[in-house]
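Naming: A, B, ... by sequence-line order, numbering from 1 per chain. Below, each value reflects all heavy atoms present in this structure, side chains not excepted, and no hydrogens, waters or symmetry copies.
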Amino acid sequence: MGKVVVVTSGKGGVGKTTSTAALGAALAQCGQNVVVVDFDVGLRNLDLVMGAERRVVYDFINVTQGVAKLSQALIRDKRLDRLALLPASQTRDKDALTEDGVQSVITSLRKMFDWIICDSPAGIERGATLAMRYADEAVVVTNPEVSSVRDSDRIIGILDAKTVRAERGERVAKHLLITRFDQARASRGEMLTIEDVLEILSTPLLGIVPESEEVLRASNLGAPVTFNNPNSGPARAYFDAARRLMGEEIEMTIPTDKLSLFGKLFGRRAA
Amino acid sequence: MNLFNLFKRRGSAPVARDRLQILLAYERSGRGPSDLLFVLREEILAAVGRHVEINPERVHVQMDRGDKVSILEVEIEVPNTVRAVPASGRKKHAKLRPA
């Protein structure tokens, strides 16, 4: 039976979709069968970040409404067929996704894949609570910045209250993924440190993704960063995070982009 | 603008951390009871479970909130087959009175 992981944050723009794509791809690159599921009804973007926007025919809601079979809506990644995408619908009807519909699709996906990674919409409304509803584990994406940390705290409380596991008195395993981290600024006292964030949120750390040009470059090209440049800082951070999700114990580091000789001399990052 | 400020400008991150800690302590108090109950339930069950076998389904945890004191009531059913439990002690009551 596959494991359901929700990637959530409360706040928008912190890197949920980027992290869903990168973690999903990294798990698949480690040999796992993975599906990434977009829960952002009306504002789907996971298809674009994965580079599959022109291949969407049917979506999540078509499946729940019986218009299409699950196998018709799933898009296999062209680079790695162990990786699949279930796109969200672009309908403006936010209530089109129902709890029963989500449950039946998740139940089927659990039988087909090792990992079901759910990309949550921002906010704490219906879409976000549906994305986390059946989760076994949660990746809380946080930027080292006050509004993001506050919203993460809120979403952690909701994970402990509104998931099926919480209602059964069980626990959703929560992991913190700190993204857009800049060690130099943190050292200068200009940015919350990793220790600050961990102390405030008291949630175990899954990984630290450094601020990097590689993330935008990868999304421009429609490839998860672990495909596009596997040796870049963020890609290595996502690989480590994926392996920690798989239960491996890996020393926590902040991988950075390597500087070329030119970059070292002139203080710019390698192209 | 004091020229010295340029040299001894402190980082803003410690301010961010302090503001967050104060704000979240307040915001968490709103949802506190349910979280606290969950944590207490898990820890008490773990402690009792080390000594006797218990059925997690047969456990009742409740918090009565008062103005000055609150009462935490924990009811755990312990099967009679277990030794070290007095005959009348089919149910164990533990009452804690936090200040």
- Note on the structure: Sorted by chain and residue number, the side-chain contact (heavy atoms from CB on, under 4.5 Å) partners of Asn45(A) (sequence neighbours excluded) come out as Leu48(A)
- Item | Within residues 198-209 of chain A, residues adjacent to chain B where the heavy-atom gap is under 4.5 Å | Glu199(A), Ile200(A), Leu201(A)
- Query: Counting a contact as any heavy-atom pair under 4.5 Å apart, which residues of residues 177-189 of chain A contact chain B?
  - Reply: Arg188(A), Gly189(A)
- Task: Run through Leu192(A), Asp196(A), Asp153(A) and flag the one making a side-chain contact (heavy atoms from CB on, under 4.5 Å) with Leu20(B).
- Result: Leu192(A)
- If contact means a heavy atom pair closer than 4.5 Å, which residues of residues 122-149 of chain A contact chain B? Val146(A), Val149(A)
